[in-house]
Amino acid sequence: MTWIQELVQKCKGVGLKINDFFFTGKEKEKSIMSPPQENQRSPLGAYLQPIGSSTTQEKKLFDSKPRTTLHDINLNTEGSMPKQVGFNRVLDGLKKRQLQHDFQLQKAAETYKPVQNIGAGAFGIVCEAVETSSGDKVAIKKVAHASATPTLARRTLREIRVLRYINHPNIVTLRDIFRTKGSLGIDVFLVMDLMSNNLHHVIYGNDNPLPEFIIVQFLEQLLRGLEYLHAACIAHRDLKPSNLLVNEDGTLRIADFGMAKCADNSAKKHDDEDHCYYMTQHVATLPYRAPELLFVLPEHSTAVDMWAVGCIYGEMILRREFIPGRSVQRQIVMMLETLGQPPQYVIDKIRCDRTRKLVQDYKKTTNSEWDDLFHCNARAEEQLVRGDCDAIDFVKQLFQYDAEKRINIQNALRHPYVERMIERQPPQAKCPFKVKRDMMQVEDLSHEALIDTLRRDVRSAEEPYAEIPSGDSTGSHSSGMSADTSGDIEPPIASHEQLVEDVATQISVCEPTSDW
Ligand SMILES: Nc1ncnc2c1ncn2[C@@H]1O[C@H](COP(=O)(O)OP(=O)(O)OP(=O)(O)O)[C@@H](O)[C@H]1O
């Protein structure tokens, strides 16, 4: 009998369904009405269950701890996606009108029919759509005003250039790209395979914490996706649960590559202090931000992703953010409270006097052990890290203050904890070199060059869709890439100064720098 059959039998015996791990009926209803808000931080502990809240039924189920694949499971991940629930006709009508307004696809409308809005981030809005020729459900991410500022243009190009040649089971699949003429320059649309939810909603969609075998499966897929990217020196730099998309069968795919960067150490270093300050302050959402970014240290690389892996792993276990700061200063303080002071040589490298003083003067009041840091009341006796030397060593190595000492992806996959929990896999195919080359080109382009490149890389949807030639100037395979042979010269784009103000509000949503 396979583990899944065993588990299903156990579930039947205690009157639970496998989907109960993810959404109880009441919670599901609740989450449809008001999906968990990524940006709304509850007070610490608000996510925790009272001690002993696990029922005997659940305990029995957790006892089984199967450790094979997730792929036979039908995860109920639909519950918390924002949906048109039909309780209010007027609201439905408004939603439809908003969808039509947001997704004016011009000639591409013959190919894709938008169905409903399903997500929004600081830079993009995402809708579910149907590809008319195949009937496939797809997700379309619209990056509005993609050419308006260098930041937006670079973000969009990074995302396109990482994803266009990549084909990996744990990285979101880009099917097509096109652009339209928007009110502020170019709007870019990325067509991806539709996923049913993201990890944030899966973690918070149920009152119960995720069982260990599910956590391990998600961790494995995250590490595999990163192994592929890091081997090409590509750092994601914005890993967080809402950027990890999840399907009912338990597949996890890394998404949102707007901050991704080729972190090749041989690549040109930006020594300019202002540049460093700017870059480090705009990378990674606060609770997942590595110390080298918080301390504005001169270099950062793929190690920032490994720190985020630790934070995500902790969040899956604890059902709350591991270090939930809401401002840069608070994040530093909470990090010190959680993990203690960094070694003196790390403190000495901090160039900002105010930050160095804050870190230097910090006096730890409590002495938390790793066991305590990963203690989740709602798990009762089922603590995942407590007493497990391998697990403790694994998290310890992910949370190394010194980025150079932090465990890298190869060693993480070879770590005794991971080896024990995850089946060894044959080496995976390499990320094509051209991805790395394309990424590096984007970093040094001026605003004008970024706009030109966007026009060259992404075809216009103002021409009949089928007649646009495939292949970009560098011989791309993707149908969305095109040399701009259509000759359509767009009207001059508004000046940078004019546009910065318009997009500033949008950008500031995820760049909380003013407080520090
Ligand atoms: N392929 C997809 N299938 C299903 N949902 C998706 C897909 N891509 C994105 N989403 C949803 O849309 C949300 C926003 O997408 P995304 O994170 O790419 O936008 P963003 O503006 O770049 O976000 P951020 O604020 O993190 O920078 C995601 O959290 C996810 O819930």
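All ligand and atom numbering here is 1-based and tracks the order in the structure.
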Participant: Could you name the option among Lys141, Met195, Lys137 that has the heavy atom nearest to atom 22 (O) of ligand 1?
Facilitator: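 Closest candidate by heavy-atom distance is Lys141.
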
Participant: For ligand 1, which part of Lys142 has a heavy atom less than 4.0 Å away: the side chain, the backbone, both, or neither?
Facilitator: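 Neither; nothing of Lys142 gets under 4.0 Å from ligand 1.
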
Participant: Hey, is Lys240 touching ligand 1 through its side chain, its backbone, both or neither, going by heavy atoms under 4.0 Å?
Facilitator: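 The side chain, only.
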
Participant: Under 6.0 Å between ring centres, would you say that holds for Tyr288 and Trp307?
Facilitator: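 No.
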
Participant: If you round to the nearest 0.5 Å, how far is CG of Asp452 from CD of Glu448?
Facilitator: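 Rounded to the nearest 0.5 Å, the CD-CG separation comes to 8.5 Å.
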
Participant: Any heavy-atom pair between the side chains of Ile254 and Asn243 that's under 4.5 Å?
Facilitator: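 In short, these two side chains do not touch, never coming nearer than 4.5 Å.
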
Participant: Quick one: do the Ser196 and Glu248 side chains pair a donor with an acceptor below 3.5 Å?
Facilitator: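 Yes, Glu248 and Ser196 have a side-chain donor paired with an acceptor closer than 3.5 Å.
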
Participant: Counting heavy atoms only, which of Val246, Leu245, Val126, Thr156 is nearest atom 30 (C) of ligand 1?
Facilitator: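 Among Val246, Leu245, Val126, Thr156, the closest heavy atom to atom 30 (C) of ligand 1 comes from Leu245.
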
Participant: Parallel, tilted or perpendicular, judged at 30° and 60°: which one describes the rings of Phe178 and Phe189?
Facilitator: parallel

Participant: Assess, by modelled atom type and distance only, whether the side chains of Thr156 and Glu159 contain a donor and an acceptor separated by less than 3.5 Å.
Facilitator: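 Their side chains do not contain a donor-acceptor pair, so the 3.5 Å distance test is not met.
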
Participant: Does any N or O in the side chain of Arg253 come within less than 3.5 Å of the main-chain N or O of Asn170, such that one atom is a donor and the other an acceptor?
Facilitator: no

Participant: By number and element, which atoms of ligand 1 are closer than 4.0 Å to a non-hydrogen atom of Asn198?
Facilitator: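 Those atoms are 29 (O), 30 (C), 31 (O).
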
Participant: Under a 3.5 Å cutoff, is there a donor and acceptor pairing between the side chains of Gln428 and His168?
Facilitator: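 Indeed, the side chains of Gln428 and His168 share at least one donor-acceptor pair under 3.5 Å.
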
Participant: Backbone or side chain, does any N or O of Val172 fall under 3.5 Å from an N or O of ligand 1?
Facilitator: no

Participant: Please tell me whether His230 and Asn408 have a donor and an acceptor in their side chains that are separated by less than 3.5 angstrom.
Facilitator: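 There is no such pair between these side chains.
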
Participant: For ligand 1, is any non-hydrogen atom under 4.0 Å from Ala122's backbone (N, CA, C, O), its side chain (CB onward), both, or neither?
Facilitator: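 Both backbone and side chain.
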
Participant: What atoms of ligand 1 come within less than 4.0 Å of a heavy atom belonging to Arg155?
Facilitator: 22 (O), 27 (O)

Participant: List every atom of ligand 1 that sits less than 4.0 Å from any heavy atom of Ile118, numbering the atoms from 1 in the order shown and giving each element.
Facilitator: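 That gives atoms 4 (C), 5 (N) of ligand 1.
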
Participant: Less than 4.5 Å apart, side chain to side chain, heavy atoms only: is that true for Leu454 and Val188?
Facilitator: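 Yes; the side chains approach each other to less than 4.5 Å.
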
Participant: When you measure from atom 1 (N) of ligand 1 to each heavy atom in Asp193, Leu174, Ile125, which option holds the nearest one?
Facilitator: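 That would be Asp193.
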
Participant: Does the residue Gly258 have a heavy-atom contact with ligand 1, meaning some pair of atoms that are separated by less than 4.0 Å?
Facilitator: no

Participant: Counting each atom of ligand 1 from 1 as listed, which ones have a heavy atom of Ala139 under 4.0 Å away?
Facilitator: 1 (N), 2 (C), 3 (N)

Participant: Report the part of Asn243 (side chain from C-beta onward, or backbone N, CA, C, O) that has a heavy atom under 4.0 Å from ligand 1; answer both or neither where that applies.
Facilitator: side chain

Participant: Show me which atoms of ligand 1 lie under 4.0 Å from any heavy atom of Gly119.
Facilitator: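 Under 4.0 Å from Gly119, ligand 1 has these atoms: 12 (O).
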
Participant: Using a 4.0 Å cut-off to any heavy atom of Phe123, which atoms of ligand 1 qualify?
Facilitator: 21 (O), 27 (O)

